[in-house]
Amino acid sequence: MEINGSAVIVTGAARGIGRGIAEAYAQAGAKVIAADLGSLASRLEADWHYSLAARDELERTASEIRGRGGICTAIEVDVSERASCQNLVAKSVEAYGGLDILVNNAGIIQTGPIVDFAEADWERIFAVNVKGIFLLSQAALPHLVANGGVIINIASVAGKRGFAHMGAYCASKFAAIGLTQSMAAELAQFSIRVNAVCPGNVDTSMWFDHLSKSAMRQRQYGTNTVDDTFTAVIRDSVPLGREQAPADIAEAALYLTRAENVTGVSLSVSGGFEMS
Ligand code: NAD
């Protein structure tokens with residue numbers, strides 16, 4: 001698909017990987033909807049284990065993209081709620097006259113041993129990381145069917161291999177890859193392509209506010225600080241010896257948007273950390 005002039009929704013776009021993806025599409029000439037929790041974050045943060053993106057982060061991302069000459073509108077969404085997903089799609093179509101590309105990037109994590117992992121955390125992870133893809137894709141489909149279209153799901157290397165203390169997150173990302181393959185098989189008849197990108201280790205809030213702090217990781221790598229833990233993981237586990245940047249993940253998303261003969265793949269972007 002030609003990116004220049006296309007309309008794209010990117011979820012979880014206020015910061016981190018989603019922000020990098022939104023910036024890359026805007027730079028390639030797309031009309032971008034940057035979608036994130038915005039003011040809804042304060043309601044959810046009370047229940048979660050690290051801060052989700054606040055309203056000013058979403059507005060700042062959109063205005064910085066516009067400041068560099070890109071086309072970008074910020075819209076609030078909670079991808080785990082049907083009505084919110086329908087509202088996002090309706091407002092996006094109203095803003096840009098249609099919808100060509102959907103990037104399901106919003107995601108959350110919580111780690112811990114299965115033996116006492118909270119059921120509520122399991123349910124919230126699946127509500128965002130799996131049901132969020134289903135709900136928003138379902139809301140977007142009538143518009144994508146009209147235009148052909150592309151769906152890209154941001155899964156993870158944790159969707160290809162299990163890691164200790166990451167049962168809920170890994171299961172949700174395996175599910176995201178399964179959903180990607182099912183949608184690719186089902187939607188090919190409408191010329192809609194569905195692919196996933198599986199990031200490796202990206203220096204974002206998810207990593208630094210949560211993963212690097214996990215006691216299990218610090219024990220495993222013999223480290224005490226979040227920086228040391230991140231560095232140790234890269235040094236010991238990534239063949240290319242370097243972390244991934246949001247721009248690396250964005251480049252894969254742009255490739256999969258343009259690759260007319262590719263559907264159903266889950267492309268690892270991990271410096272060799274995961275080779276399947
Ligand atoms: P992040 O926490 O910086 O960004 C996630 C964004 O999703 C936040 O802006 C948050 O507000 C938003 N979000 C959370 N719940 C939402 C909801 N219900 N509705 C709408 N938005 C919501 O994390 P990130 O590292 O940028 O993660 C982006 C994606 O990449 C996630 O799907 C994550 O699982 C995946 N990923 C990250 C890494 C990594 O190393 N950082 C590795 C593999 C996969």
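When reading the values below, keep in mind they use all heavy atoms of this one structure, side chains included, and skip hydrogens, waters and symmetry mates.
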Given N195 and I151, is the side chain to side chain contact (heavy atoms under 4.5 Å, CB included) satisfied, shown in steps?
CA-CA 6 Å; N195 291 292; I151 298 176; over 6 Å; no
Assess whether salt bridge (charged side-chain N to carboxylate O under 4.0 Å, His left out) is satisfied between R19 and E64, documenting all intermediate values.
CA-CA 11 Å; R19 178 188 163 113; E64 284 177 9; 2.5 Å; yes
Are S268 and K160 close enough, and set up right, to give a side chain to side chain donor-acceptor pair (under 3.5 Å), and what steps lead you there?
CA-CA 9 Å; S268 296; K160 294 187 171 180; 2.9 Å; yes
CA sep, side-chain torsions, deciding dist, call: E76, D36, side chain to side chain contact (heavy atoms under 4.5 Å, CB included):
CA-CA 5 Å; E76 292 185 359; D36 209 300; over 6 Å; no
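With a 4.5 Å cut-off on side-chain heavy atoms, V8 and L102 do not count as touching. N87 has its side chain out of reach of V89: every pair of non-hydrogen atoms, C-beta onward, lies at least 4.5 Å apart. Put simply, the side chain of F163 does not reach to within 4.5 Å of the side chain of T111, judged on heavy atoms. Within the 4.5 Å cutoff, the side chain of L88 has heavy atoms near those of the I9 side chain. Annotation: side chain of R15 is not in contact with side chain of T204 (no heavy-atom distance under 4.5 Å). Considering only heavy atoms from C-beta on, L135 stays 4.5 Å or farther from V79 through its side chain. Within the 4.5 Å cutoff, the side chain of I133 has heavy atoms near those of the M183 side chain.
Cluster membership check: I109 shares its hydrophobic cluster with V130, using side-chain heavy-atom separations under 4.5 Å among Ile, Leu, Val, Met, Phe, Trp and Tyr. A single hydrophobic cluster is not seen to contain both L240 and L267; linkage of ILVMFWY side chains at heavy-atom distances under 4.5 Å, directly or through other members, places them apart. F174 and F126 sit in two unconnected hydrophobic clusters of ILVMFWY residues. Membership requires side-chain heavy atoms under 4.5 Å apart, directly or through other members. In terms of hydrophobic clustering, with Ile, Leu, Val, Met, Phe, Trp and Tyr side chains grouped at heavy-atom distances under 4.5 Å, I234 and V269 are assigned to different clusters. A continuous path of hydrophobic side-chain contacts links I17 to V10 [ILVMFWY only; heavy atoms under 4.5 Å].
Of the possible polar contacts, none joining the Y255 side chain to the A250 backbone as a donor-acceptor pair under 3.5 Å is found. Between the side chain of D100 and the main chain of A7, a donor-acceptor pair closer than 3.5 Å is present. Under a 3.5 Å cut-off, the side chain of R193 and the backbone N or O of L187 do not form any donor-acceptor pair. Judged by distance alone, with hydrogens and angles left aside, the side-chain atoms of T61 form a donor-acceptor pair with the main-chain N or O of A14 at under 3.5 Å. Put simply, the side chain of D248 gets close to the backbone of A245: a donor and an acceptor are under 3.5 Å apart. Of the possible donor and acceptor atoms, none in the side chain of Q181 sits under 3.5 Å from a partner among the backbone N and O of G178. Distance alone, capped at 3.5 Å, is enough to place a donor-acceptor pair between the R66 side chain and the C72 backbone. Proximity of a side-chain donor or acceptor of S266 to a complementary backbone N or O of A196 within less than 3.5 Å is not detected.
Remark: the Y25 side chain and the S6 side chain contain no N/O donor-acceptor pair separated by less than 3.5 Å. Of the N and O atoms on the side chains of S172 and N129, at least one donor lies less than 3.5 Å from an acceptor on the other residue. With hydrogens and angles left out, the side-chain atoms of T73 and Y96 include a donor and acceptor closer than 3.5 Å. For T11 and N104, the side-chain atoms include no donor-acceptor pair closer than 3.5 Å. Under 3.5 Å, the side chains of S92 and E94 contain no donor-acceptor pair of N or O atoms. With 3.5 Å as the limit, one finds no donor-acceptor pair spanning the side chains of Q244 and S270. Judged purely by distance below 3.5 Å, without hydrogens or angles, the side chains of Q110 and R124 never pair a donor atom with an acceptor atom.
For D116, the CG atom counts as densely surrounded, since its 6.0 Å shell holds more than 12 non-hydrogen atoms of other residues, nucleotides or ligands. Atom CD of Q138 is surrounded by more than 12 heavy atoms from other residues, nucleotides or ligands within 6.0 Å. Within 6.0 Å of CD in Q86 there are more than 12 heavy atoms belonging to other residues, nucleotides or ligands. Within a 6.0 Å radius of CD in E119, other residues, nucleotides and ligands contribute 12 heavy atoms or fewer.
Rounding to the nearest 0.5 angstrom, the gap separating the CD atom in E59 from the OG atom in S39 is 9.5 Å. Once rounded to the nearest 0.5 Å, the distance linking CG of D121 with CD1 of I108 reads 8.0 Å. Rounding to the nearest 0.5 angstrom, the gap separating the CG atom in L136 from the CG atom in D78 is 11.0 Å. Atoms CE and CD1, on M166 and I125 in that order, are 9.5 Å from each other to the nearest 0.5 Å. If you take OG1 on T263 and CD1 on I192, they are separated by 9.5 Å, rounding to the nearest 0.5 Å.
Across V150 and I152, no two heavy atoms sit closer than the pair CG1-CG1, 3.8 Å. Between L37 and L52, the closest heavy-atom pair is CD1-CD1, 3.7 Å. Annotation for I177 and C198: closest pair CD1-SG, 3.9 Å, computed over non-hydrogen atoms. Between N201 and E243, the closest heavy-atom pair is O-CB, 3.6 Å. In plain terms, the two heavy atoms of G18 and N105 that are nearest each other are CA-ND2, 3.2 Å. Shown here for G200 and V157, the closest heavy-atom pair between the two residues is CA-CG1, 4.0 Å.
For E2 and R258, the salt-bridge test fails: no basic side-chain N is under 4.0 Å from an acidic carboxylate O. Remark: R68 engages E23 in a salt bridge, criterion side-chain N to carboxylate O under 4.0 Å.
F273 carries R161 over the face of its six-membered ring, with the cationic atom under 6.0 Å from the centre and within 45° of the normal.
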